[in-house]
Amino acid sequence: MAYQYISDCHSHSSCSFDATDDMQAMCAAAQALGLAYYTITDHCECDQYDGSEYFGGQKYRDCVANSYVQLLENQARFSNLRLLRGLELGQPLQNLPAAEDALRGRTYDFIIGSLHILAGETDFYFLNPETFTPEQLDDIFRRYFEEILEMLEWGQFDTLAHITYPLRYLCRPGEKPSFAKYQDGLDAVLRKIIADDKAIEFNTSRLIRKNAPVLPDREIFTRYKELGGTCITMGADAHRTQDIAGGMEMALDLLRDIGFTEYTVYIDRKPHQVPILYIPDTERK
Ligand SMILES: [Zn+2]
Ligand SMILES: [Zn+2]
C-alpha cells in the first residue's frame, strides 16, 4: 500500500441486511490487508428499529444486539487486528428512543451519524431526480441540511457520514453532482461540525465504483480546511470483503494534496490523529 497507516472505519458485516460477508470473514480480510485500525459499523436505521419493510420483517434492534456480540467475539478471535466496535446510526432523530436504546449498555469506540432518509420520505437510494421539479429538489436539499444540523445539535455521534449521499441519487444525468447551489447549508453544517469538535467522514465507496459520478469531495474537504476543520474519518463503507479499504489510497492522495497531514480514528469515543504517511514506490514492501 502507498501509505504507512491505512484505516477503514466504516464497514458492514452480514449483521447489516445489505451486506454479504460475515464478521469473521470481514475481519480476516482486514487483517490480511494490514490495516492500522478497522472499525465495523453495522447499520441501525433508527426509524426502522422495530421492523422494516425493506428488511423482511427483521428488526434493527436485533441486528444491533447481534452485531455487538459478534464484535466482542471477533476482538477476542483476532488478537493481531486492531478491531474497533462501531455503529452507523441512521436518522437518529426520527426515533430517538431507538437511538438511545441502541447505545445504552454498550461501549462503542465509534458512532457514525447518517441521514439516509428525510423525515416522512423514503431512502434517497429510491428517489428518482426525474420525478422532481428543480424547486422540489431545492427543497429536498434544504431539508437535508436542516435535518443534519438538528442531528448535530443532538450530537450523540462522532462523525457525520457520507455528506454527499443525496447527491448520489438526485443528480440528473449529465449533471455534475455538486452542493454549489446549497453552499450556505453546507457551510452551516461544516461550521457546526468544527465548533462541536466532531469529525466529517471521507466515504471512499464511490471512488472505486465504475460509472458512478465522481462526487465533489475535493470541494467539500477544501472548504472544511478553509473553515479550520481538522478531523476526517476514513470509511470505505464496504458491504463485502473485497471492498474493504477500497478507494482509500486515492482519498488519502486527495487529502494530502489539499494539505491535510492527518486523519482521525475514534477509540473509546475519543479522536486520535493518525499521520498520512506516503511511502514512495521504491520503499514499498
Ligand atoms: Zn450510510
Ligand atoms: Zn454504511
Side-chain angles (χ1 to χ4, degrees), residues 7-23 26-27 29-30 37-49 52 54-55 60 63-64 66-68 70-71 83-95 98-99 102 108-119 121-127 144-145 147-148 151-152 156-170 177 189 193 198-209 212 215 217 220 232-248 251 265-266:
S7 304
D8 189 345
C9 298
H10 185 160
S11 213
H12 297 275
S13 75
S14 56
C15 296
S16 295
F17 77 102
D18 54 353
T20 46
D21 294 318
D22 66 33
M23 200 179 289
M26 295 296 280
C27 290
Y37 294 95
Y38 179 54
T39 314
I40 293 190
T41 54
D42 278 312
H43 285 294
C44 176
E45 295 290 90
C46 296
D47 57 308
Q48 300 158 46
Y49 199 56
S52 161
Y54 309 129
F55 198 33
Y60 279 95
C63 305
V64 171
N66 185 20
S67 176
Y68 191 75
Q70 290 196 30
L71 280 165
L83 173 64
L84 299 170
R85 300 189 294 272
L87 187 69
E88 181 176 5
L89 264 187
Q91 39 296 339
L93 297 193
Q94 293 176 31
N95 186 351
Y108 284 106
D109 289 293
F110 183 44
I111 303 296
I112 294 178
S114 295
L115 188 62
H116 300 123
I117 306 173
L118 289 179
E121 308 287 349
T122 52
D123 196 310
F124 289 109
Y125 179 85
F126 296 107
L127 302 184
Y144 177 66
F145 286 117
E147 286 195 36
I148 285 185
M151 264 172 60
L152 284 162
Q156 303 302 306
F157 60 94
D158 304 309
T159 198
L160 176 67
H162 47 56
I163 192 167
T164 52
Y165 188 76
L167 283 179
R168 292 181 192 174
Y169 310 110
L170 288 176
V189 164
I193 287 171
K198 298 221 177 296
I200 184 167
E201 178 189 66
F202 197 146
N203 190 291
T204 65
S205 62
R206 308 307 269 194
L207 297 183
I208 50 167
R209 195 167 297 191
L215 288 167
D217 295 309
I220 288 171
I232 300 172
T233 63
M234 306 300 294
D237 212 346
H239 287 66
R240 50 184 194 165
T241 54
Q242 60 263 50
D243 291 338
I244 295 172
M248 209 55 84
V265 171
Y266 277 81

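All ligand and atom numbering here is 1-based and tracks the order in the structure. Here, residue 1 is the first one in the sequence, and each next residue gets the next number.
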Is the distance from the Zn ion (ligand 2) to some N, O or S atom of H12 under 2.8 Å?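 Yes, since at least one N, O or S atom of H12 sits under 2.8 Å from the Zn ion (ligand 2).
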For the residue pair H10 and D237, confirm or rule out a side-chain donor-acceptor distance under 3.5 Å.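 Yes, side-chain donor-acceptor contact under 3.5 Å.
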For R240, all residues meeting salt bridge (Lys or Arg N to Asp or Glu O under 4.0 Å), sequence neighbours excluded: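 With sequence neighbours excluded, R240 shows a salt bridge (Lys or Arg N to Asp or Glu O under 4.0 Å) to D243, given in chain and number order.
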Any residue meeting ring-ring contact (aromatic ring centres under 6.0 Å, His included) with F157, in chain and number order, not counting sequence neighbours: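 For F157, no residue satisfies ring-ring contact (aromatic ring centres under 6.0 Å, His included) once neighbours in sequence are set aside.
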Listing by chain and number, which protein N, O or S atoms are under 2.8 Å from the Zn ion (ligand 1)?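 The answer is E88 OE2, H116 NE2, H162 NE2.
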Is the Y68 to Y108 ring centre distance short of 6.0 Å?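 Distance test on ring centres: under 6.0 Å, yes.
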Output all residues satisfying side-chain hydrogen bond (donor to acceptor under 3.5 Å, both in side chains) with S7, sequence neighbours left out; order by chain, then residue number.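 Here the qualifying residues are Y263.
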Please report the shortest heavy-atom distance between L115 and I148, naming the atom on each side.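 Closest approach of L115 to I148: CD2-CG1, 3.9 Å.
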